[in-house]
Amino acid sequence: MRILSRGVAKINTDYSTSSFIHSIIRNDLKLNKYNGRVHTRFPPEPNGYLHIGHAKSICLNFGIAEEFNGLCNLRFDDTNPTKEEEEFVRAIIEDVRWLGFSWDDRLFYASDYFDQLYDFAVTLIKKGKAYVCDLSAEEIKEYRGTLNQPGKESPYRSRSIEENLDLFERMKAGEFPNGSRVLRAKIDMSSPNLNMRDPVLYRIMHEKHHRTGDKWCIYPMYDFAHPLCDAIEKITHSICTLEFEDHRPLYDWLVDELIEGDKPRQYEFARLELTNTVTSKRKLRKLVEGGYVRGWDDPRMPTISGFRRRGYTPEAIRDFCDRIGVAKANSIVDIALLEHCLREDLNKKAPRVMAVLDPVKVVILNYPENQEEVLETENNPENPESGKRNLVFSRNIFIEREDFMENPPKKYFRLSPGKEVRLKSAYIIKCVNVIKDAKGNIVEIHCTYDPETKSGGGASSRKVKGTIHWVSENNAVDAEIRLYDYLFIDEIDDDSINDNDIISKLNPDSLKVIKNCKVEPILKNSLPGEKFQFLRQGYFCADLKDHNSKSLVFNRIVPLKDTWAKIKKQ
RNA sequence: UGGGGUAUCGCCAAGUGGUAAGGCAUCGGACUCUGACUCCGACAUUCGGUGGUUCGAAUCCAUCUACCCCAGCCA
């Protein structure tokens with residue numbers, strides 16, 4: 001939506017997003033279906049945490065509402081009290097909100113409609129389109145037939161309307177034990193679509209519900225509740241994933257039998273799969289319960305809360321969801337695209353700061369002892385408005401162990417004996433000596449600096465090929481840095497691996513904790529959740545739970561692209 | 001062997017009978033006080049296969065093939 005200079009909001013009419021669902025909606029709008037209304041919903045079941053796959057659905061549903069000037073409801077699909085919990089409701093609300101979407105006062109629960117749903121069931125019975133069936137679960141399964149063979153009709157199928165009404169009411173009243181009876185739609189036991197072979201509509205569950213308590217002991221099935229909840233909320237486009245495609249005839253059957261006026265329609269799209277990632281609930285639970293990760297919000301988890309704790313931004317996730325598109329072909333998106341979206345977002349936003357993860361001491365021999373010098377450096381070259389900050393330079397500094405090599409290969413631009421390198425925002429130094437311990441480990445590097453090459457100074461135009469980051473020994477601060485990598489080794493995705501094999505495919509290096517890193521003192525003031533670019537290394541986020549001003553803890557969100565690493569490999 | 005779907009570059013994905021968008025990845029090169037960013041360039045004579053219709057087909061027709069989903073009183 002564009003705001004005109006007069007302050008009048010102009011509705012965007014050139015809906016540029018292109019997907020088959022957008023096309024359908026554009027066409028419905030052209031035909032003035034639903035009087036031009038577009039109303040979607042995101043219907044999570046509160047039985048687990050939201051993950052990146054849900055983000056696609058959230059962005060689609062809320063995105064469509066925004067784009068077509070419509071509305072999107074948040075509706076909890078809480079029709080099965082044995083699986084659902086308040087705790088998940090809370091977490092899901094937090095995640096959807098964090099992603100940047102709002103539903104105003106349209107937060108609903110399928111359980112809000114249990115009375116109406118019951119009435120719909122009674123109506124169906126009265127129309128002779130539903131009956132109470134006494135078959136056991138096993139018998140129902142037998143009677144259903146198979147993919148290739150038609151089913152048989154239940155012996156209870158021809159009960160009178162009166163008897164059905166009486167029995168259904170007594171089911172509701174709690175007269176029968178779990179599993180003893182169900183309400184079934186009377187459709188077609190020989191349908192090639194198994195969903196139409198007299199599907200179960202209501203089952204008996206003497207179970208306390210997280211919202212309705214003990215009021216009910218019969219609960220509607222998803223297939224019954226969903227289309228009717230959609231209709232009650234006046235949803236126009238009910239968007240779900242591919243596996244519900246052959247539930248659509250049942251969805252339509254119920255809507256046609258019970259709803260007058262505008263009828264919601266169901267459309268299906270392919271759910272998101274990501275490389276190096278699993279998203280099935282069972283697999284994720286196995287990781288958490290087996291202690292392979294530290295909870296649902298472990299920064300390696302593909303949950304929304306995991307991404308949040310890792311340091312991903314909602315903007316990056318939304319951009320990603322826009323870019324992957326929406327179609328009906330099963331696909332596996334390269335996680336590199338997600339990382340690209342993240343880097344692009346953080347490149348603009350994240351202040352630069354210097355942090356030495358694996359420090360080695362450098363002594364600048366010709367720099368006076370006890371002298372300190374304040375140098376200025378930009379906070380973010382991509383964003384001049386972010387201003388500048390001061391660095392303190394001195395005789396003893398730390399640099400990255402990796403930025404020095406005694407016997408460098410060709411094209412190594414960093415420090416080595418006799419070679420020069422620039423210290424970012426400071427001076428050019430030259431290595432004159434290397435001090436080692438008895439085992440041959442480098443403990444100190446001796447350098448000289450060229451006072452004429454102060455950063456920003458008039459004589460600073462001398463060029464060297466490499467620039468490295470550093471911190472002063474006497475004002476550096478210690479930090480713990482957690483380097484995260486993919487949870488799974490390459491070539492793994494949800495479809496390519498079964499539940500039992502995931503553990504063997506775990507990446508043993510998915511987390512490396514480094515203590516005693518040396519970082520700029522300004523980081524003492526950083527707040528949990530704050531994000532930075534550690535110069536030349538990557539984007540890092542102060543941990544939401546463990547970071548505080550006395551004990552700094554940063555998560556690596558994603559490393560910077562590294563061309564040198566590529567060259568080295570070859 | 002029933003029903004429902006899907007096949008366009010390594011990975012996503014537009015395209016709706018008029019002569020294959022875009023993004024990611026990759027590979028070159030320029031720039032660089034981040035080997036980052038940015039910038040320039042390369043990257044589908046061909047759309048799962050085969051026939052056909054047409055002046056013209058990724059788009060229409062026929063046929064074949066591959067893959068995904070469905071036999072919960074889960075969602």
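Proteins come first, then strands; the chains are lettered A, B, ... in the order of their sequence lines, and each starts at number 1. All values below come from the heavy atoms of this structure, side chains included, with hydrogens, waters and symmetry mates left out.
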Roughly how many Å is it from CG in A:D322 to C1' in B:rC12, rounded to a whole number? 14 Å
Taking 4.0 Å as the cut-off, does a side-chain nitrogen or oxygen of A:T79 come that near to OP1 or OP2 on B:rA75? yes
Between the base of B:rU6 and the side chain of A:N330, is there a donor-acceptor distance below 3.5 Å? no
From B:rC33, B:rC37, B:rA75, pick the nucleotide closest to the side chain of A:E45? B:rA75
Could you work out which one of B:rA75, B:rU1, B:rA7 sits closest to the side chain of A:N148? B:rU1
Looking at A:Q533 and B:rU34, is any side-chain donor or acceptor paired with a base atom of the opposite kind under 3.5 Å? yes
Start with the C-alpha distance between A:S238 and A:R41, add both sets of side-chain angles, then the distance that settles side chain to side chain donor-acceptor pair (under 3.5 Å), and finish with yes or no. CA-CA 7 Å; A:S238 182; A:R41 102 269 89 114; 3.1 Å; yes
Taking the side chain of A:V200 as its heavy atoms from C-beta onward, which of B:rA75, B:rC73, B:rG2 lies nearest to it? B:rC73
Name the closest nucleotide to the A:K328 side chain, picking from B:rG35, B:rG5, B:rC74. B:rG5
Checking B:rG5, B:rG35, B:rC73 against the side chain of A:T563 (C-beta onward), the nearest is B:rG35
Would you say whether A:W564 stacks on B:rG35? The test is a distance between ring centres of less than 5.5 Å and an angle between planes of less than 30°. yes
For the pair A:E245 and A:K328, find out whether any cationic side-chain nitrogen is under 4.0 Å from an anionic carboxylate oxygen. yes
Base of B:rG3 paired with side chain of A:D246 (donor-acceptor, under 3.5 Å): yes
Whether A:R203 contacts B:rA75 is assessed here as follows: a side-chain N or O lying under 4.0 Å from the phosphate OP1 or OP2. Is that the case? yes
Classify the ring geometry of A:F393 against A:Y449: parallel below 30°, tilted from 30° to 60°, perpendicular beyond 60°. tilted
Could you walk me through whether A:E233 and A:R75 pass the salt bridge (Lys or Arg N to Asp or Glu O under 4.0 Å) check? CA-CA 10 Å; A:E233 293 181 12; A:R75 180 171 76 226; 3.0 Å; yes
In whole angstrom, what separates A:Q537's CD from B:rU34's P? 15 Å
Take atom CG of A:N195 and atom P of B:rC69, then tell me their distance rounded to the nearest Å. 15 Å
Given the structure, check if the side chain of A:R414 and the base of B:rG35 hold any donor-acceptor pair shorter than 3.5 Å. yes
Could you tell me how far apart A:D223 (CG) and B:rA71 (C1') are, to the nearest whole angstrom? 14 Å
Heavy-atom donor-acceptor pair, A:S455 side-chain to B:rC33 base, under 3.5 Å: yes
From the list B:rG72, B:rC70, B:rG4, which nucleotide is the closest neighbour of the side chain of A:M221? B:rG72
Atom-pair distance (CZ on A:R536; P on B:rC37), nearest Å: 14 Å
Indicate yes or no: does A:R265 engage A:D28 in a salt bridge with an N to O separation below 4.0 Å. no
Which part of the nucleic acid, if any, lies within reach of A:H247 when heavy atoms closer than 4.0 Å are counted: base, sugar-phosphate only, or nothing? base
Does A:D495 pair with A:R271 as a salt bridge, N-O distance under 4.0 Å? yes
Watson-Crick or G-U stems of RNA chain B, 3 or more pairs, under 3.5 Å, by first number: B:2-7 with B:65-70, B:10-12 with B:22-24, B:26-30 with B:38-42, B:48-52 with B:60-64
So if I define the base as every atom that isn't primed, P, OP1 or OP2, how would nucleotides 15-30 of chain B read as a B/S/- string at a heavy-atom cutoff under 4.0 Å? S-------SSSSS---
Angle between ring planes, A:F244 versus A:H247, binned at 30° and 60°: parallel, tilted or perpendicular? perpendicular
